[in-house]
Amino acid sequence: MSPKVGENTRITTEIGYGRSLSLTGDKLSGNFQKISLGLEDDDSGLGLYIELCQYGFSKVTPERIGSFSIGLYYIMF
C-alpha cells in the first residue's frame, strides 16, 4: 500500500509473514515476521524506509533474533 499524503509524497507500508530457515547445519527454523514503513517522493523517485524483522529462532539463547534496518532507495523507471 502506498497512499498519497501530499501532492508528491506517499507513505509506503509492507507487512510480511512466512517461514525462515537457517542455511547452516543446525536445522533452525521459525516464523518470519516483517513490517516496513517509508516515505516516497514522486518527483525525485527517492524514498526512505524503516524495517523491523523477527526470524523466529536463535542459535545460542532461547530468545528470537531480529533485525532493524533504515534505508534509502531510488526508483529509476
Side-chain angles (χ1 to χ4, degrees):
M1 293 178 46
S2 56
K4 279 194 171 187
V5 293
E7 191 172 312
N8 297 318
T9 307
R10 294 181 178 274
I11 290 182
T12 59
T13 59
E14 190 175 327
I15 298 172
Y17 184 82
R19 193 79 179 152
S20 60
L21 302 170
S22 171
L23 296 177
T24 64
D26 298 333
K27 297 183 182 177
L28 298 172
S29 65
N31 293 326
F32 173 76
Q33 300 171 5
K34 165 187 154 170
I35 186 164
S36 178
L37 180 64
L39 284 174
E40 180 179 304
D41 182 47
D42 287 341
D43 288 339
S44 66
L46 290 173
L48 172 70
Y49 70 91
I50 297 173
E51 183 176 271
L52 297 169
C53 295
Q54 185 180 52
Y55 297 98
F57 62 85
S58 179
K59 186 170 177 97
V60 179
T61 63
E63 292 85 23
R64 299 175 184 161
I65 60 171
S67 66
F68 173 76
S69 304
I70 298 174
L72 294 170
Y73 62 88
Y74 177 67
I75 299 174
M76 298 175 73
F77 51 90

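One is the number of the first residue; the rest follow in order along the sequence.
Not a single side chain to side chain donor-acceptor pair (under 3.5 Å) links Q54 to another residue, sequence neighbours left out. Partners of T13 under the side chain to side chain donor-acceptor pair (under 3.5 Å) rule, at least two apart in sequence or in another chain, do not exist in this structure. Taking D42 as the reference, K4, R10 meet the salt bridge (Lys or Arg N to Asp or Glu O under 4.0 Å) condition, with sequence neighbours excluded. A search for side chain to side chain donor-acceptor pair (under 3.5 Å) contacts involving Y17 returns N31, not counting sequence neighbours. Residues meeting the ring pair (Phe, Tyr, Trp, His ring centres under 6.0 Å) test with Y73, sequence neighbours left out: none. The ring pair (Phe, Tyr, Trp, His ring centres under 6.0 Å) search around Y55 returns F32, not counting sequence neighbours. S29 meets the side chain to side chain contact (heavy atoms under 4.5 Å, CB included) test with R19, L21; sequence neighbours excluded.
Counting all heavy atoms, side chain and backbone alike, L39 lies closest to T12 at N-OG1, 4.3 Å. Closest approach of Y74 and S44 over heavy atoms only: CE1-O, 3.2 Å. Across G30 and F57, no two heavy atoms sit closer than the pair N-CD2, 3.9 Å.
Every pair tested for salt bridge (Lys or Arg N to Asp or Glu O under 4.0 Å) that includes a residue from residues 68-77 fails, sequence neighbours excluded, so the list is empty. Applying the salt bridge (Lys or Arg N to Asp or Glu O under 4.0 Å) test to every pair with at least one member in residues 66-77, sequence neighbours left out, gives no pairs at all.
Side-chain contacts under 4.5 Å among hydrophobic residues (ILVMFWY), followed directly or transitively, place L52 together with I15, I35, L48, I50, F68, I70, L72.
To the nearest 0.5 angstrom, Q33 atom CD is 9.5 Å from S20 atom OG.
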